[in-house]
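Step one of this worksheet: look at the structure below.
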Amino acid sequence: MDATTQQLFQHLARYLAEPLLALSIDGQIVQSCPAVERLLAREEGSSIGHPLSDLVTDSPGRLAEYLRMCGRTLAPIPGALTLRQPSGQLVACRIRGALLAPPPHPPVVVLRIIPKDGSHSPFALLNQKIAALSAEVVKRKHAEEEALRAVHARDEFLAVASHEFKTPLQSLTLQLELIGRSVSKLGTDVEQRLASKIETMKGQVDRLGALSRGLLDLTADEAGQPSILCRADLSEVVRTTVGRIAIQIARAGCELRLELEPHAFILLDVSRVDQILVNLLSNAAKYGAGKPLHISVKAEGQTVTLAVRDLGIGIAAADQARIFEKFERAVSHEHFGGLGLGLFISRQLAQAMRAVLSVSSVQGEGATFSLQFAAAPHPVAESAQ
Ligand SMILES: Nc1ncnc2c1ncn2[C@@H]1O[C@H](COP(=O)(O)OP(=O)(O)O)[C@@H](O)[C@H]1O
Ligand SMILES: [Mg+2]
């Protein structure tokens with residue numbers, strides 16, 4: 001086989017994408033293509049050098065006669081043969097044989113092999129591949145639907161469970177309030193001892209309430225809904241929230257320091273700012289090592305920033321991005337309880353108001369969480385434009 005016939009064979013093999021063999025006139029295989037080896041169930045290239053008669057069940061005499069005929073013409077001559085795979089499996093084929101290139105090129109016969117059952121045609125192979133791919137797609141779709149159903153079921157369960165917690169918790173808070181009042185009338189040292197126990201119980205009830213609210217927030221996907229923003233003084237909103245939860249912060253043993261600039265007007269959603277601030281403050285109280293907490297509202301240029309700063313354990317630089325993800329925590333359960341949802345929900349709530357929630361911290365020195373808003377233009381200035 002010279003270089004030209006070799007090239008010719010390779011072109012044919014590539015473009016026809018059919019099982020092809022190149023044979024010398026005496027029936028030795030000189031070239032093969034992967035499709036033919038698949039048909040023979042042999043390794044690629046392993047049939048080269050073998051006489052074709054070794055791989056078929058046809059009589060060598062008839063085969064030699066057929067190849068002699070093919071070696072005389074460029075017009076393909078039809079024929080038939082039966083391939084024998086190493087396992088003994090037989091593949092009946094139609095064949096077309098012809099001279100690969102005219103003289104003076106060495107006489108090489110190219111043989112197109114076409115299985116009679118059509119199972120090895122390029123279309124059949126393509127169909128098999130398409131069928132396998134379709135089956136895979138269907139399987140993945142089922143798995144995806146199954147996963148979605150599981151997520152749905154989990155969310156539904158969490159929503160129902162956290163909702164069910166609400167009523168007994170409210171009743172418990174009320175009962176504790178009533179017991180507290182009755183005890184305060186005792187006027188003895190028993191009162192002192194019971195009062196501190198009642199305070200501890202109230203703290204635990206607060207904690208349970210916060211945990212179940214976290215679960216409800218997660219499942220309600222309220223954070224994902226668009227906000228209805230109104231123009232309000234951020235400092236006023238902060239003052240109201242702080243007033244409401246000051247007792248809980250005090251219970252955690254933290255002193256609160258406020259630095260609220262007046263007239264910090266921005267576009268906000270009051271209930272979302274409230275929820276974010278409650279989350280940030282409960283974190284600051286939990287991770288703040290009992291040291292004072294600072295809350296500030298500052299207007300600077302075109303932005304207004306609410307910052308909650310503590311002087312507690314801080315957060316390692318490597319953890320500062322991931323703590324905003326669902327269920328991500330950077331502390332051990334042994335030391336601090338929690339679900340790892342507060343910051344995830346808070347960031348979603350912030351995004352719904354087009355605000356940015358970020359953290360800066362040095363481990364061991366405390367953390368500052370900042371909620372940054374674009375300053376709202378003054379309504380008079382707006383209408384004057
Ligand atoms: N003020 C803070 N100081 C130190 N670490 C904090 C602070 N706030 C949050 N973190 C870290 O971020 C994690 C995620 O916070 P969060 O989503 O509120 O979940 P949780 O408080 O339930 O763990 C916490 O587990 C903690 O590791
Ligand atoms: Mg938290």
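Indexing begins at 1, ligand by ligand and atom by atom, following the structure's order.
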_Residue-level breakdown please: for Lys286 versus ligand 1, do any non-hydrogen atoms fall below 4.0 Å on the side chain, on the backbone, on both, or on neither?_
side chain
*For the hydrophobic clusters of this structure (ILVMFWY residues joined by side-chain heavy atoms under 4.5 Å, transitively), does one cluster hold both Leu277 and Leu258?*
yes
*May I ask whether Phe369 has any heavy atom positioned less than 4.0 angstrom from an atom of ligand 1?*
yes
*If you have a sec, work out which protein heavy atom is nearest atom 11 (C) of ligand 1 and how many Å separate them, to one decimal?*
Ile323 CG2, 4.0 Å
_Nearest non-hydrogen protein atom, atom 1 (N) of ligand 1_ = Asp310 OD2, 2.8 Å
*Just by modelled atom types, is the Gln348 backbone N or O under 3.5 Å from a matching donor or acceptor in the Arg272 side chain?*
no
*Is there a nitrogen or oxygen of Gly342 sitting under 3.5 Å from a nitrogen or oxygen of ligand 1?*
yes
*Those atoms of ligand 1 less than 4.0 Å from some heavy atom in Val331*: 25 (O), 27 (O)
*Among all protein heavy atoms, pick the one closest to atom 14 (C) of ligand 1 and tell me residue, atom and distance.*
Glu328 O, 3.4 Å
*Is there a path from Ile114 to Leu67 through hydrophobic residues (I, L, V, M, F, W, Y) whose side chains come within less than 4.5 Å of each other?*
no
_For Leu357, is there any backbone N or O sitting under 3.5 Å from a side-chain donor or acceptor partner on Arg347?_
yes
*Which ligand 1 atoms does Leu343 reach within 4.0 Å, using its non-hydrogen atoms?*
9 (C), 12 (O), 14 (C), 15 (O), 16 (P), 17 (O), 18 (O)
*Are Leu280 and Ile247 in one and the same hydrophobic cluster, where Ile, Leu, Val, Met, Phe, Trp and Tyr link if side-chain heavy atoms are under 4.5 Å apart?*
no
*May I ask you to check whether Asn279 brings an N, O or S atom to under 2.8 Å from the Mg ion (ligand 2)?*
no
*Give the residue and atom name of whichever protein heavy atom lies nearest to atom 18 (O) of ligand 1, and the separation in Å to one decimal.*
Asn283 ND2, 2.8 Å
*For atom 5 (N) of ligand 1, what's the nearest protein heavy atom and its distance?*
Ile315 CG1, 3.2 Å
*Which residue owns the protein heavy atom closest to atom 24 (C) of ligand 1, what's the atom, and how far is it?*
Tyr287 OH, 3.4 Å
*Please write down residue, atom name and distance for the protein heavy atom closest to atom 27 (O) of ligand 1.*
Ala330 N, 2.8 Å
*Would you check whether Gly340 has a nitrogen or oxygen atom less than 3.5 angstrom from a nitrogen or oxygen atom of ligand 1?*
yes
*Consider only side-chain heavy atoms of I, L, V, M, F, W and Y, link residues closer than 4.5 Å, and tell whether Val356 and Phe369 are in one cluster.*
no
*Find out if a path of hydrophobic residues (ILVMFWY) with successive side-chain heavy-atom gaps under 4.5 Å connects Leu90 to Leu52.*
no
*asked:* Please find the pair of heavy atoms, one from Leu99 and one from Pro103, that lie closest to each other, and give the distance.
replied: CD2-CD, 4.4 Å
_Nearest-neighbour protein heavy atom for atom 23 (O) of ligand 1, which is reported as residue plus atom name and distance_ = Arg329 NE, 2.6 Å
*Please indicate whether any nitrogen or oxygen in Gly338 is less than 3.5 Å from any nitrogen or oxygen in ligand 1.*
no
*asked:* Any carboxylate oxygen within less than 4.0 angstrom of a Lys/Arg side-chain nitrogen, looking at Glu144 and Arg140?
replied: no
*Got a donor-acceptor contact below 3.5 angstrom from the Gln85 side chain to the Val91 backbone?*
no
_With a 4.0 Å cut-off on heavy atoms, is Gly314 in contact with ligand 1?_
yes
*Going by the order shown, which atoms of ligand 1 are within less than 4.0 Å of some heavy atom of Leu341?*
17 (O), 19 (O)
_Test item: Glu261 side-chain N/O and Ser235 main-chain N/O as donor-acceptor pair under 3.5 Å_ = no
_Heavy-atom contact check, 4.0 Å cutoff: does Asn279 meet ligand 1?_
no
*Do any N or O atoms from the side chain of Ser296 and from the backbone of Glu259 form a donor-acceptor pair under 3.5 angstrom?*
no
